[in-house]
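Remarks on the structure that follows.
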Amino acid sequence: MELPDAEQLLASLAEQLKPHVGPETALVGIRTGGAWLAERLHQTLGVTPPLGTLDISFYRDDFSQIGLHPEVEPSHIPFEVDGRDIILVDDVLYTGRTVRAAMNELFDYGRPASILLAALVDRGGRELPIAAQVVGATLPLPDSQNIQLNQTGSGRLYLSLHGIATE
Amino acid sequence: MKKYNPQLNANGELHHLLSIEGLPRDILTHILNTAESFVTVAEREVKKVPLLRGKAIFNLFFENSTRTRTTFEIAAKRLSADVINLNIGSSSTSKGETLLDTVDNLSAMQADMFVVRHAQSGAAHLIAKHVAPHIHVVNAGDGRHAHPTQGLLDVFTIRRYKEDFTRLRVAIVGDILHSRVARSEIHALNVLGVPEIRVIAPKTLLPTNVEQMGVHVYHDMAQGLKDVDVVMMLRLQNERMRGALLPSAGEFFKYYGLTADKLAHARPDAIVMHPGPMNRGIEIDSGVADGRQSVILPQVTFGIAVRMAVMSILAGN
């Protein structure tokens with residue numbers, strides 16, 4: 001299967017997000033892929049508040065099944081969340097559980113005026129009533145496949161597809 | 001073949017935290033890295049995360065300790081667990097109930113985790129061996145044996161101020177003989193690769209064969225503190241001074257109390273630590289305790305993050 005070029009999708013995200021950027025806008029990326037994207041968008045869109053990143057490990061709903069993620073990084077929200085219009089960025093939108101966790105975590109920093117979800121790829125398969133307002137590409141995939149955003153040493157982003165071993 | 005370790009489950013993951021002895025470096029590092037994320041949680045408007053929602057954590061304190069119990073309680077609450085504090089010295093055991101009967105009764109109340117402080121070495125081990133497999137046990141200090149979360153928060157504090165464990169010279173000063181804190185610190189520093197650990201104490205307050213723990217022994221502060229990066233003071237327990245081990249508190253302070261003069265032998269950027277509660281004027285001078293090199297209060301703050309890390313890792317395994 002021919003995968004879209006992540007750099008082109010990112011350019012499309014930036015184009016679509018431009019009209020949404022206002023004086024109270026702040027960008028938050030979900031680690032790891034979403035944080036890469038948010039960092040690039042932060043430069044392109046000229047958003048004033050410093051970039052935020054979330055590691056949602058402490059908010060995952062599967063903690064009781066799989067335990068704590070072995071590599072938790074601190075979340076970093078270097079601005080007041082109260083009253084902000086937040087653009088939340090993730091690489092792949094799938095079940096919606098990551099986004100739910102991210103929103104729960106954001107509200108522990110304060111009460112944003114709004115949250116807009118931007119995803120590079122919407123692969124379908126939602127298990128929660130969550131939708132992205134801004135999407136780079138819609139790419140329905142079966143559960144047996146996993147799409148992943150990667151970064152080269154020079155910072156170039158690309159997508160890859162992996163089969164999931166079934167038991 | 002790996003030695004059997006009652007703290008680890010079949011997958012080699014941490015199931016109980018009883019002692020730092022025998023834990024691999026990657027488990028220690030995982031705890032320290034996770035604690036780093038919990039430090040930032042405490043800086044937010046809402047200092048809680050939902051990880052342990054619905055879990056019941058029992059603080060079983062058979063020996064008094066306000067600070068340790070409080071920091072465990074805060075840590076559990078910030079993980080959204082339900083916390084039940086029991087100061088058992090004053091209740092069941094005085095009515096004749098055995099330790100394991102107490103534990104069985106609390107297990108019947110759907111406990112998920114026990115945090116245990118006991119004057120007897122090995123009490124937490126005994127409970128860990130006894131409880132059902134879904135229950136986790138954290139040793140919050142047992143006799144002279146171990147106080148692993150204190151050891152962990154101490155190395156976490158060191159890591160926050162000093163970059164590389166493998167280049168450090170660390171001195172532990174005071175009553176090594178009776179100190180479970182010193183034992184846990186020495187194990188943690190060894191596992192993390194600190195090349196030079198010194199203990200400084202009078203002969204009467206050193207265990208025999210202490211060198212076998214991989215430490216260098218000093219009886220003189222000027223020599224022992226020379227060029228160290230970290231000074232870890234220990235609390236001198238009042239009851240020790242009434243026995244034959246020490247002539248007097250004044251005498252101890254004169255030779256082993258940390259004063260600015262003695263600290264001047266350490267590196268200029270050395271940090272000063274103390275597990276608390278401090279005896280000002282006995283093991284540490286007020287000027288040093290409150291001075292620029294002291295990280296004693298940050299230790300308390302980091303202690304909460306480290307205990308959150310331990311409890312969340314245990315509960316997830």
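Below, chains carry the letters A, B, ... as their sequence lines are ordered, and counting in each starts from 1. Since the structure is predicted, the reported quantities are computational estimates derived from the model, not experimental observations.
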Query raised in the report: So what's closer than 4.5 Å to chain A heavy atoms on B:Ser312: side chain, backbone, both or neither?
Result: both

Report task. With a 4.5 angstrom heavy-atom cut-off, could you sort out which part of A:Ile77 is near chain B: side chain, backbone, both or neither? Result -> neither

**Report entry** Contact class of A:His76 relative to chain B, heavy atoms under 4.5 angstrom
**Finding:** neither

Query raised in the report: Do the non-hydrogen side-chain atoms of B:Leu14 and B:Leu23 ever get within less than 4.5 Å of each other?
Result: yes

Report summary line: Turns out that what part of B:Lys47 lies under 4.5 Å from chain A's heavy atoms comes down to neither

Requested in this report: Verify whether one side chain among A:Asp122 and A:Thr138 offers a donor that lies under 3.5 Å from an acceptor in the other.
Outcome: no

Requested in this report: Could you tell me which of A:Val72, A:Asn104, A:Val81, A:Asp61 has the largest number of non-hydrogen atom pairs under 4.5 Å with chain B?
Outcome: A:Val72

Query raised in the report: Of the non-hydrogen atoms in B:Ser107 and B:Ile135, which two are nearest, and what is the gap between them?
Result: OG-CD1, 3.7 Å

Report task. Evaluate the side-chain proximity of B:Asp269 to B:Lys162: yes if any heavy-atom separation is below 4.5 Å, no if none is. Result -> yes

Query - B:Val41 portion near chain A, given a 4.5 angstrom heavy-atom threshold - result: side chain

Report summary line: Turns out that what part of B:Leu79 lies under 4.5 Å from chain A's heavy atoms comes down to neither

Query raised in the report: Between A:Asp82 and chain B, which part of the residue has a heavy atom less than 4.5 Å away: side chain, backbone, both or neither?
Result: side chain

Report summary line: When rounded to the nearest 0.5 Å, the distance separating CD of A:Gln16 from CG of A:Leu9 is 10.0 Å

Query raised in the report: To the nearest 0.5 Å, how far apart are CD1 in A:Ile164 and CG in A:Asn146?
Result: 4.5 Å

